[in-house]
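Presented below is the structure to which this report refers.
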Amino acid sequence: MVTRFAPSPTGFLHTGSLSASLISWRLAKQSGGVFFVRLEDTDQKREIAGSGDKLIEELETFGIAPDESFVKGGAYGPYRQSERKWIYDVVIKHLLEHDLAYPCFCTHEELDEIRKEQEKIKANPGYYGEYAKCRYLSLAEATAKVKAGFPFVIRFKSPGIETNRVYVDDVIRGRIEFPENVQDIVIMKTDGLPTYHFAHLVDDHFMRPTHITRGEEWMASVPIHLQLFDSIGWERPIYAHLPVIMKLDEGKRRKLSKRKDPEASVSYFLEQGYPIEGFLEYLMTMANTNFEEWRLANPDADIFNFNLSFAKMTLDGGLFDLEKVKSICKECLAKMPAETIASKALAWAKAYDQTFAAAIKNDIPYFQAILAIERGGEKPRKDYEKYSDIFPIINFMYDKWFEAAIRESRPFNERFTKTQIIDVLEAFLRQPGLNLPEAEWFENLKMVAEATGFAARTKDYKNNPDRYLGHIGDFAEIIRIAVSARKNTPNFYYVLKILGYDTIVNRINHTISLL
RNA sequence: GGCCCGUUGGAGAAACGGUUAACUCACCGCCCUCUCAAGGCGGCAUUCACGGGUUCGAACCCCGUACGGGCUACCA
C-alpha cells in the first residue's frame, strides 16, 4: 500500500493531520509499502514561510518518518507542488488538445452576476451548461483574448449529465452514490498554479499512491475526481475518507479549529509536555475501535504491533477527549523506567523550562532517584500526566525551592502549639530510623509518636480523642511539613531516604527557627 | 436551499436479526491508607434521536421526520 500526506504550509501541524498521517503511515508500513509527504503549496496567499519544514519536523518527533518527502526527496518527485508546474502544464496542454478543457476569461464580477441570476431562479449555482459562457468560445476568439492579455483560468470541460448517478466504493464508508458532476471546475488558476482537484489528479497519478487517505471533507468532491480520472483515462485511486476529529463547543460539535482551540495544534501538546508515546496511543484508540481492547490484552506490546484496519474505523468523527488523553499519558508515564522518564523530562525541560532543566542537570542521579519512588512493580505511582507536572510536585526536594516555600508558609494544623510541634520534630530527630527498611521504619515512627503523646493507630485516637494529642497521621504531617513545606509528598519514607539525614536535620532546624 | 455523511449512557465505543446492551475514560459511593498518587469493590442506558413498518423476534432491515456534520471558491 502506498499512502501520502499532502499538507498545505499554512501553519503548524494540526492534531487532525497528525492523526491522518499516523493512520496513513501505519497502513503503508504494515503492508510493507511506502508513505510519502507532498507539500501542497499552490495557494501563495495563505502560505506561511517555513511552516513546511516545521510540519515535517513535528511529524518526525512523533516518529512518523516519511519514506519520501519534499525534504528528503524520492524517485517520484518533485514533492513540492510549486516545483511541479511543468508537469501540470503538460497535462493541461494534453487536456486542451483533447477538448477536455478550455480557457475561461470570466471575471469575478461576471461570476458573481451568474451566481445572483442562479439564486434568483433557484438554479444550482456554478459554472456549467448554458452558464458556462467561455465553454462555447471558438479557438480563434480564445486565442485572440489570450493574445490581448486578458487574464484567464483553465476549466475542465465536464461531460457530466445531472441525472446520472455515480458511485465510489470508499474503503471505510462503503458504497456512496452521488449525482454526476456537471460543473466546469477551475483546474488552473490565473496564476498558472493548479487547484486541489487538478493537483490531486496529476500528482496522485504520477506519484503512484494506491490509497487516498484524506479527511471526509473531501467526500463531496469525489464525483469531480472520478470524472477527472475517467476523462483522461487514468486508473482511479482507492479512496478512504477519514472521520474528522470534533470538539464540543457550547453544546454543538464542530471541527477542531486551529484558531479557537489550542489542542488543535500538535505543538500545544509538545509544549505542555505530554509524552509522545501517550499521545500516539490516544490517536490509535481514536483510529481503530478495537485498539483499546487489544491494548488491554497486550499491555506491554509496542503500539505498532497493532495492525490498523479500515474496517475498524468509525464513520462519524469522535470528540477529542482531553481527559482520556491525560489518563492514557498518566498510564504511559507511570510505566516508564526512572532513567527513561528522567531523560525525557530533561529533554522537555531543556526546551520549555530552563529552571527545571538546570536543577535536573545539576545532579541527574538525584533526579532519577526521586522519580524512582514507588516506580515499577504492579501498582506504580501515577502522579504525572505530562512532563510539566513533575517539577511542581517534586521541587521541594531541592533546597532552593524548599527554602522559598517554607519561608512563605508552614501549613501546620492550628490545633498544635509551637511547643508541641517542636517536641514532635525533636523526638523524630532523636530517632529517625532512616536505616530501617520501610515497614520497620514506620513501626519505629509509630513508637516515637506514641512516646510523644500521639496515638499509633488512627482508630485509637478516634475512640479516645481526649487521651492523645493527635494520631499518627497528625504526627507524620508535622514532620512532613517541616521537611517539605507541604502537606502532601510522594511516599514519605523514600523522600526522607533521598534527602538524607543531614539535609533533614538542616531543614527541621531551619523550620523550627522560623516558628 | 441543494447534494452527501452520520445519530447507542457525560466522552470514546462493542454488539453484525435471537437470553440481564461489552469495554475504556469521566462521574458518584464504600473500603484500604501516615499525606498525596494509586489500588480494591460497587453504582451510573428497563433502553439504543423520534414516528411508523417488516419479522415469531430489531439497537441492528425498510420508510419518513428531527437533529448534528461536511461540501456547495481562481482554499486546501
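Letters A, B, ... are given to chains in the order of the sequence lines, protein chains preceding strands, and every chain is numbered from 1.
- For A:Phe454 and A:Phe416, the gap between ring centers is short of 6.0 Å.
- Comparing the C1' positions of B:U55 and B:A26 gives an interatomic distance of 39 Å, to the nearest angstrom.
- Under the 3.5 Å distance criterion, the side-chain polar atoms of A:Glu263 are left unmatched by any main-chain donor or acceptor of A:Asp321.
- The side chain of A:Asp43 has B:C75 as its nearest neighbour among B:C34, B:C75, B:G12.
- One atom, CG of A:Asp316, and another, C1' of B:A14, lie 14 Å apart when rounded to the nearest Å.
- Looking only at distances, a side-chain donor or acceptor of A:Asp170 sits under 3.5 Å from a matching main-chain atom of A:His241.
- Listed pair A:Lys312 / B:A15 meets the phosphate criterion, a side-chain N or O lying under 4.0 Å from OP1 or OP2.
- Look at CD on A:Gln183: it is 12 Å from C1' on B:G2, rounded to the nearest Å.
- Base pairing of B:C71: its partner is B:G2, meeting the Watson-Crick or G-U wobble criterion (both donor-acceptor distances under 3.5 Å).
- Nucleotides B:A14 and B:A49 place their P atoms 14 Å apart, quoted to the nearest Å.
- Remark: A:Lys379 is not in phosphate contact with B:G40, judged by side-chain N or O atoms under 4.0 Å from OP1 or OP2.
- Summary of the strand contacts: A:Glu293 and A:Lys122 both lie near RNA chain B, and taking for each the nucleotide with the nearest heavy atom, the more 5' one is attributed to A:Lys122.
- A cation-pi arrangement is present between A:Arg480 and A:Phe492 under the rule of less than 6.0 angstrom and at most 45 degrees off the ring axis.
- Between A:Phe279 and A:Tyr274, the distance separating the two ring centers is not shorter than 6.0 angstrom.
- When the P atom of B:A13 is taken as reference, atom OH of A:Tyr282 falls 9 Å away, rounded to whole Å.
- Taking atom CG on A:Asn290 and atom P on B:C23, their separation rounds to 17 Å, with Å as the unit.
- Distances from the side chain of A:Pro125 to the nucleotides B:G1, B:C34, B:U24 place B:G1 closest.
- Summarising the geometry, the separation between CD on A:Glu385 and P on B:C36 is reported as 18 Å, rounded to the nearest angstrom.
- In a base pair of the Watson-Crick type (N1 to N3 plus N6-O4 or O6-N4) or a G-U wobble (N1-O2 and O6-N3), with each distance short of 3.5 Å, B:U54 is matched with no nucleotide.
- Nucleotide B:A14: unpaired (no Watson-Crick or G-U wobble partner with both distances less than 3.5 Å).
- Of the options A:Tyr387, A:Phe320, A:Tyr282, a ring pair (Phe, Tyr, Trp, His ring centres under 6.0 Å) to A:Phe269 is made by A:Phe320 and by none of the others.
- Annotation: B:C44 and B:A21 have their C1' atoms spaced 14 Å apart (nearest Å).
- Phosphate proximity of B:G12 to A:Arg253: present, with a side-chain N or O under 4.0 Å from OP1 or OP2.
- Nucleotides B:U72 and B:C16 have their C1' atoms positioned 35 Å apart, rounded to a whole Å.
- Judged by distance alone with a 3.5 Å cut-off, no donor-acceptor contact links the side chain of A:Arg486 to the base of B:C36.
- For the P atoms, the distance linking B:C27 with B:A37 amounts to 12 Å, nearest Å.
- Ring-to-base geometry places A:His108 in a stacked arrangement with B:C74 (centre distance under 5.5 Å, plane angle under 30°).
- Of all nucleotides present, only B:A66 satisfies the Watson-Crick or G-U wobble test against B:U7, with each distance under 3.5 Å.
- Residues A:Trp218 and A:Tyr196 place their aromatic rings such that the two centres sit under 6.0 Å apart.
- Proximity of A:Lys487 to the phosphate of B:C34: no side-chain N or O atom is located under 4.0 Å from OP1 or OP2.
- Taking atom P on both nucleotides, B:C60 is separated from B:U54 by 15 Å, rounded to a whole Å.
- If you check B:C27 for Watson-Crick or wobble pairing at under 3.5 angstrom, you find it paired to B:G43.
- For A:Ser8 and B:C75, the shortest distance from a side-chain N or O to OP1 or OP2 is not below 4.0 Å.
- The closest donor-acceptor contact from the side chain of A:Lys85 to the backbone of A:Gly192 lies under 3.5 Å.
- Spacing between atom CD of A:Glu263 and atom P of B:A11 amounts to 16 Å, rounded to whole angstrom units.
- When the C1' atom is compared between B:C74 and B:G69, the two are found 27 Å apart, to the nearest whole Å.
- In this structure, B:U19 makes no Watson-Crick or G-U wobble pair, since no nucleotide meets both defining distances under 3.5 angstrom.
- Residue A:Arg165 places at least one side-chain N or O under 4.0 Å from the OP1 or OP2 atom of B:C4.
- Using Watson-Crick or G-U wobble geometry with both donor-acceptor distances under 3.5 Å, B:C60 finds no partner in any strand shown.
- The pairing partner recorded for B:U33 is none, the criterion being a Watson-Crick or G-U wobble arrangement whose two distances lie under 3.5 angstrom.
- The A:Lys324 side chain lies nearest to B:C25 when the options are B:C25, B:U35, B:A37.
- Atom CD of A:Glu323 is separated from atom P of B:A26 by 7 Å (rounded to the nearest Å).
- The interatomic distance linking A:Leu315 (CG) with B:A15 (P) rounds to 13 Å, in whole Å.
- Where A:Val325 and A:Thr314 each meet RNA chain B at their nearest nucleotide, the meeting point lying more 5' is that of A:Thr314.
- Checked against B:C3, B:C5, B:C74, the side chain of A:Val153 finds its nearest nucleotide in B:C74.
- Look at A:Lys330 and you'll find a side-chain N or O under 4.0 angstrom from OP1 or OP2 of B:A38.
- A donor and an acceptor atom sit less than 3.5 Å apart, one in the side chain of A:Thr190 and one in the base of B:C74.
- Applying the 4.0 Å criterion to OP1 and OP2 of B:A14, one finds that A:Thr289 has a side-chain N or O inside that range.
- Comparing B:A59 with B:C50, their P atoms sit 11 Å apart, to the nearest whole Å.
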